[in-house]
Each structure stands twice: as C-alpha cells, then as structure tokens.
Amino acid sequence: MTSPAPEPLIICDASPLILLAKISQADLVLKLADEVWIPDVVWEELIHKSGTQPEIPILVNLFCKHVRTSDEKVRKVFQTQVDAGEASALALALNHSQALLLMDDRRGRLVAAHQGLRCIGTLGLLLRARRAGHVGALRPLLQSLRLHGMFLTAALENETLRAAGEELL
C-alpha cells in the first residue's frame with residue numbers, strides 16, 4: 001500500500017483530539033500532516049475546561065507548540081452558528097485554502113462545507129492513518145472509541161470498516 005502524501009495543514013477542534021488521546025492515538029495527527037494548528041480558543045477549552053481529564057497532559061506534550069490565534073472578528077461571525085472552539089478552527093481555516101479541518105461536530109462540519117472548507121472527523125483521520133500504514137485494524141480502535149463515549153451508529157462503523165477493507169459487523 002502506497003502511503004498517501006501528508007496534508008499540508010490540519011487544524012484541529014477539541015473533540016477529535018480528546019478522543020484520539022483517550023485511545024492513545026493523538027500522535028496520528030502529527031504523522032498525517034506537515035503542519036498542525038490548534039486554535040487558541042480550542043487550546044483554552046482543552047487546558048481549562050478539560051484539564052482534569054487524564055489525556056490532557058498527553059495533548060499538552062504533543063501540541064503545546066502548535067497553538068495559533070484566530071482572527072477574532074471572523075471567529076465572532078462563525079460563533080453565531082457554532083461554539084467558540086469550532087468557530088476558531090473555521091476562522092483559521094478560512095484564510096488557508098490548503099487546510100484540512102479535523103472536527104466531529106455536525107453543525108461545524110456543515111458550516112465548513114458551506115464555506116468550501118475541507119473537513120474530516122475522528123473516523124476519517126483513523127481511516128487515513130490506516131491507509132498510510134500508521135495503524136493496523138480499525139475495528140479495535142472503533143470499539144475503544146465507543147468505550148470512551150463516542151457515539152457510533154452501526155451504519156457509520158460499517159461504512160468506516162468497509163472503506164478500510166475490513167470485515168463488517
């Protein structure tokens with residue numbers, strides 16, 4: 001399997017980072033991109049609102065040098081549609097056409113699509129990691145995500161497994 005080229009830039013929202021850290025896969029973001037940005041508002045969410053979660057030190061270690069400030073005026077416009085973290089990620093991506101947003105929030109992904117921005121979620125990132133040879137089978141990772149609170153429908157899980165060439169449920 002030929003490893004796909006890394007993304008030039010991945011801009012991350014909090015939820016995928018937390019989920020990936022919970023299953024010990026947060027470093028995949030760095031493996032799949034030349035550059036990774038964490039919006040300052042997302043960073044504040046991670047550090048201050050989620051600070052007692054055991055995965056936060058992992059995220060601090062991996063991403064503390066990747067924090068970027070978004071344009072406040074643009075962020076405020078997006079905040080009329082999504083929360084501050086998603087708005088901050090969208091604001092950063094808006095001025096960087098090569099960026100890939102990593103975001104699980106459905107509303108945030110719809111806003112990104114409406115803006116013509118590329119966006120994937122946690123499962124999309126895991127699928128890319130599988131195709132790049134960074135992880136083995138996805139099924140155990142999907143099961144672990146479910147155990148850590150990610151809601152996965154059987155249809156979405158099967159779609160992901162099918163795309164990875166794995167046996168369906």
Side-chain angles (χ1 to χ4, degrees), residues 3-132 134-135 141 145 148-151 156 160:
S3 184
E7 285 291 331
L9 173 61
I10 295 179
I11 299 173
C12 306
D13 191 26
S15 173
L17 291 177
I18 291 169
L19 286 167
L20 289 166
K22 285 183 178 192
I23 64 168
S24 302
Q25 300 296 324
D27 64 323
L28 291 175
V29 179
L30 297 170
K31 291 178 180 177
L32 293 171
D34 291 331
E35 193 167 357
V36 174
W37 291 356
I38 313 297
D40 56 343
V41 174
V42 169
W43 190 251
E44 290 300 314
E45 280 181 29
L46 288 171
I47 302 308
H48 296 294
K49 292 183 182 174
S50 307
T52 59
Q53 294 182 22
E55 59 276 0
I56 299 307
I58 296 165
L59 295 174
V60 169
N61 185 50
L62 288 172
F63 297 108
C64 67
K65 295 180 181 172
H66 297 270
V67 179
R68 300 291 184 275
T69 302
S70 61
D71 182 301
E72 186 177 357
K73 288 181 184 176
V74 176
R75 179 179 50 81
K76 285 184 177 183
V77 170
F78 282 125
Q79 271 186 259
T80 63
Q81 302 169 72
V82 295
D83 80 16
E86 280 103 28
S88 185
L90 288 160
L92 275 177
L94 198 60
N95 293 320
H96 297 87
S97 60
Q98 80 280 17
L100 176 67
L101 279 166
L102 176 59
M103 183 179 295
D104 285 335
D105 181 78
R106 185 176 190 276
R107 182 72 186 141
R109 291 168 63 114
L110 289 172
V111 172
H114 182 72
Q115 294 293 323
L117 301 171
R118 297 181 315 123
C119 189
I120 61 170
T122 301
L123 299 184
L125 186 97
L126 288 172
L127 183 58
R128 284 179 179 221
R130 169 92 158 89
R131 289 177 176 158
H134 296 303
V135 297
L141 296 175
L145 282 171
H148 286 286
M150 184 176 196
F151 175 73
L156 181 57
T160 305

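For the side chain to side chain donor-acceptor pair (under 3.5 Å) condition, the pairs that include at least one residue of residues 4-18, sequence neighbours left out, are Glu7-Arg118, Glu7-Arg128. A side chain to side chain donor-acceptor pair (under 3.5 Å) check over residues 17-31, counting only residues at least two apart or in different chains, returns the pairs Asp27-Lys31.
Between atom NE2 of residue His148 and atom CG of residue Leu20 there is a gap of 11.5 Å, rounded to the nearest 0.5 Å. Taken from CG in Leu102 to OG1 in Thr122, the straight-line distance is 5.5 Å, to the nearest 0.5 Å. The distance from atom CD1 of Ile18 to atom CD of Gln53, rounded to the nearest 0.5 Å, is 5.0 Å. Separating the CG atom in Leu141 from the CD1 atom in Ile23 is a distance of 5.0 Å, to the nearest 0.5 Å. For the atom pair CD1 (Ile10) and NE2 (His66), the distance works out to 11.5 Å, reported to the nearest 0.5 Å. Note that CG of Leu17 and CD1 of Ile38 are 4.5 Å apart. Values are rounded to the nearest 0.5 Å.
Every residue two or more places apart in sequence or in another chain that forms a side chain to side chain contact (heavy atoms under 4.5 Å, CB included) with Val60 is listed here: Trp43, Ile47, Ile56, Cys64. By the side-chain hydrogen bond (donor to acceptor under 3.5 Å, both in side chains) test, Gln81 is found to be paired with no residue, residues two or more places apart in sequence or in another chain being considered. Scored by the side chain to side chain contact (heavy atoms under 4.5 Å, CB included) test, Ala87 finds Arg75, Phe78, Gln79, Val82 as partners (sequence neighbours excluded).
Taking the side chain as every heavy atom from C-beta outward, Glu45 and Asp83 approach each other to under 4.5 Å. Glu35 places a side-chain heavy atom less than 4.5 Å from the side chain of Arg68.
Minimum heavy-atom separation, Ala14 to Leu46: CB-CD2, 3.9 Å. The two residues Leu126 and Leu28 have their closest heavy-atom pair at CD2-CD1, 3.7 Å. When all heavy atoms of Ala21 and Ile58 are compared, the pair lying nearest together is O-CD1, 4.4 Å. Minimum heavy-atom separation, Leu127 to Thr160: CD1-O, 4.1 Å. Pairing each heavy atom of Arg109 with each of Cys119, the nearest pair is CG-SG, 3.6 Å. Considering all non-hydrogen atoms of both residues, Cys12 and Val29 come closest at SG-CG1, 3.7 Å.
Judged by distance alone, with hydrogens and angles left aside, the side-chain atoms of Ser88 form no donor-acceptor pair with the main-chain N or O of Ala84 at under 3.5 Å.
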Any chance you could lay out the side chain to side chain contact (heavy atoms under 4.5 Å, CB included) test for Leu145 and Leu123, step after step, and finish with the verdict? CA-CA 10 Å; Leu145 282 171; Leu123 299 184; 3.9 Å; yes

Side-chain donor-acceptor pairs under 3.5 Å in residues 89-101, sequence neighbours left out?
residue	atom	partner	partner atom	Å
His96	ND1	Leu92	O	2.8

